[in-house]
Structure formats: structure tokens, C-alpha cells
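Being a predicted model, the structure only gives us computed values, none of them experimental. Proteins come first, then strands; the chains are lettered A, B, ... in the order of their sequence lines, and each starts at number 1.
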Amino acid sequence: MKAIALIVTLLLGGLLIAATADLPDWGDPNSPASVHVSQYYIENSLEQTSVPNFVTSVLADYRGYDTMFETTVIFCAGLTVFAILRRAHRRRQKAVNPRPEREDKDLILQSAARMIVPMMQLFALYVVAHGHHSPGGGFQGGVILGAGFILLAVAYDLKTVLARLREKTVLRLSAVGVLIYSGIGFVCLLLGSNFLNYSAWARIMPFGPIEARSHGMLGVEVGVAITVLCIMFSLYVDLASGGEMDEGL
Amino acid sequence: MALNIAIIILTMAGTLFFIGTTVGLIRFPDFYTRMHAAGKGDTLSTVLILFGLALYQFHHLSVSTLLVGFKIIFIAVLIFIASPTATHAIMDAGYEAKVEYWKNKLLNWPRRQGEED
């Protein structure tokens, strides 16, 4: 089994390295990106998508496929860590000796976390929703949301946070995020348009095709944020406790 | 004019405290005293410089400059809470891990409990 995995990995890696030979040289002035592609996005993205920040419109609309599979890669990475650490945990359960629990709870850390975490979550929502107009978006907002939960886990302990946000919920929600993204794309397919062509939403929603692209991007960003939040938290929980879900750090 | 003077005084004071922090971080003898310098000096100097920058925004009063100024003040408040807490957490972790503290044998300081001169 391991030999097969090694062969598959080597083949895929070789394929990818071979494919990089076909990419244009770094900073090549004659590559399509520097000749006409960037120009097109800079000049046309505002009138085509009504999103002032064209980084967001390129990321979530013109190259929506790429971002969808990026989200899926994050999802798969989280699941892989979960699967590996949970299995390893079952094998070496006896080898781990528990740390002595500290009796005194750290009041300073906990009060500071209580003050900061709501601000972080509010800011994260702002980053997600404001990605159209300023730097930000689903990935960044999701990371800040996840960091809020990780801060709680550091200041209190893992059990307290897991009681509020159960592991099952986290894993389900991370799938829901990917589902929101691909679902928004799939509805476009049902409405007789291309996959991830958000302007098709104008047929069932009370706004024009250009606003539909802007709103579609917002929906997609929300999906990305949910997945990134859940995977960040799941990664932290698994890595900090070695898959044991006890106090960990 | 008065605003400019206030801004200059704030940023200069911030820079001065930053220099103090750096000197303390390099010259103090052990982990705990270095964290003491880093935690206190760093927080105060950052907050002073940020307040200077926020005041600089209020040269021309309009919605956008007010917004930027209040965002900077918000960052200052956040640093004022977060930085000392982080210092405390690192210090506590060092204490838990039994990091050695500095002793001056010449002055016999700090004295052990029950010890008299």
C-alpha cells in the first residue's frame, strides 16, 4: 500500500515538475499575463462585475474554478490531518502520559481573551464582507475567525472551546462551506448558464446580471470563510493534542 | 501649529521609549528582566507613535480622515490590551518551565527568605 502511494506521489510530482517547463519565465515581458490579460482585468472588471477591488473579482469570478479547488484543497488538507492523527492516536494511546493539570486558571489571559475575541470576530466579518472594496475576503476573514477560536482554546482550554463548538459540527461545517461555493456554481448550471457564471442568478433574483456577479462573489466568499474557519480550528485542535482532544497544550 | 507640536512630541517620545526598549532587551541580564523591558517599553512606545499618527490624520477634518484616525486609535487600544497580556503569558510559561533568574552574588541579591544582612 505504501509502495503504491509512493509511486503515485512520484509520478504526480514528476508530472507537475515537467509541466512547469511550459510556464512562461518569471517576469517574462512577452507572457500573456504582462501583455494583455492584466490590462483586460484592470480596464473591464468594474463595469463587468461592479466590484471595485479587481483582485477579488479576478479571484472569485474570472478565476472562480481555481478558487473553488483551492478551497477544496484546504478542506482535504484538514481531513488528512484529522485522519492521520486520529489513527496514530489509537495506536500509541498508552505511550502518552498526561500533563499535570494546573489548578489556578489564568485570570489575566482569560479576561483579555474575553475582551479581544468578540472584536476579532466582528473584524473578521468586516473583512469577509468588505473584500469587494478593500483587501480582504473569504480566506483572510476565515483565518481571523479561526484565530479567535484558537485564542479561546489557548486562554481557557480545549475542553471549554470544544463544548461550544463541537468537533462534529466543525467537520460538517467545513464541508458546508465547500458545498455553498459549488452550490452557487451549480445553480448557474441549472439556470442554463456556465458553471460559476453568477450572472445567471439574475433570472431568479431581483437584480441585474452585473450585480448578480457581485452578490455571487459575496456568497462564494462566505463559503470560503466557513471552510477556512473550520479547517483552521480543526487543524489546531488535532495538532495541539496529537488527535486526543484532551487539554493538549 | 499646536497640533504639529503635539504630534512631534508624541512620536519623539515613542521613538525614545523604543530605544529604551531595545537597550533593555539587549543589556538586561536574564529572561524575566528582558521581557519586562520588551513588554512595557514596546507597548507604551507603539501606543504613543500610533496616537501621534492618529492626530496627524485630524489635520483636515473629513469623514475619511476621521475614520482612519479612529481606526488607528482602535489599533492602539488593541495593542494596549494584547501586548501586556502576551508578555504575561510568555513570562508565565517561562516561570512554569523554571527558567533561571539572574542573581548578583556580589550584592547578595535577591536575598533568600529568612536571610538577614
Side-chain angles (χ1 to χ4, degrees), chain A residues 52-53 97-136 140-141 143-158 160-161 236 239-241 246-249, chain B residues 21 30-51 53-54 56-58 60 62-101 113:
Chain A
N53 181 6
N97 37 341
R99 278 173 80 249
E101 263 191 41
R102 286 182 65 182
E103 280 154 19
D104 52 326
K105 296 293 176 197
D106 202 324
L107 189 68
I108 297 176
L109 274 187
Q110 292 183 356
S111 337
R114 258 174 189 282
M115 267 191 273
I116 289 172
V117 167
M119 283 205 277
M120 277 174 82
Q121 287 175 336
L122 203 64
F123 180 65
L125 293 179
Y126 165 77
V127 168
V128 172
H130 216 256
H132 291 48
H133 302 273
S134 62
Q140 293 87 336
V143 166
I144 299 172
L145 275 175
F149 281 106
I150 292 174
L151 184 63
L152 268 188
V154 172
Y156 288 78
D157 51 13
L158 225 47
T160 321
V161 183
Y236 170 79
L239 290 175
S241 65
D246 62 351
E247 202 195 341
L249 278 175
Chain B
T21 307
D30 72 342
F31 169 74
Y32 298 104
T33 44
R34 280 180 191 170
M35 284 307 296
H36 163 81
K40 289 189 170 63
D42 200 48
T43 313
L44 183 61
S45 46
T46 315
V47 168
L48 282 176
I49 290 179
L50 282 176
F51 269 116
L53 293 179
Y56 185 76
Q57 290 293 324
F58 298 147
H60 307 285
S62 72
V63 176
S64 64
T65 57
L66 273 180
L67 198 63
V68 172
F70 277 112
K71 276 179 186 169
I72 293 174
I73 290 175
F74 225 69
I75 295 173
V77 170
L78 188 73
I79 286 174
F80 212 74
I81 299 170
S83 176
T85 315
T87 312
H88 163 78
I90 297 170
M91 197 86 98
D92 188 48
Y95 183 75
E96 282 290 302
K98 298 189 174 59
V99 176
E100 283 271 315
Y101 57 85
Q113 271 186 341

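Within residues 69-91 of chain B, the residues having any heavy atom under 4.5 Å from a heavy atom of chain A are, by residue number, B:K71, B:F74, B:L78, B:I81, B:A82, B:T85, B:H88, B:A89. Within residues 107-119 of chain A, the residues that have a heavy atom under 4.5 Å from a heavy atom of chain B are A:I108, A:L109, A:A112, A:M115, A:I116, A:M119, listed by number. The stretch residues 121-136 of chain A places A:Y126 near chain B, each with some heavy atom under 4.5 Å from a heavy atom of that chain.
The ring-ring contact (aromatic ring centres under 6.0 Å, His included) search around B:F31 returns none, not counting sequence neighbours.
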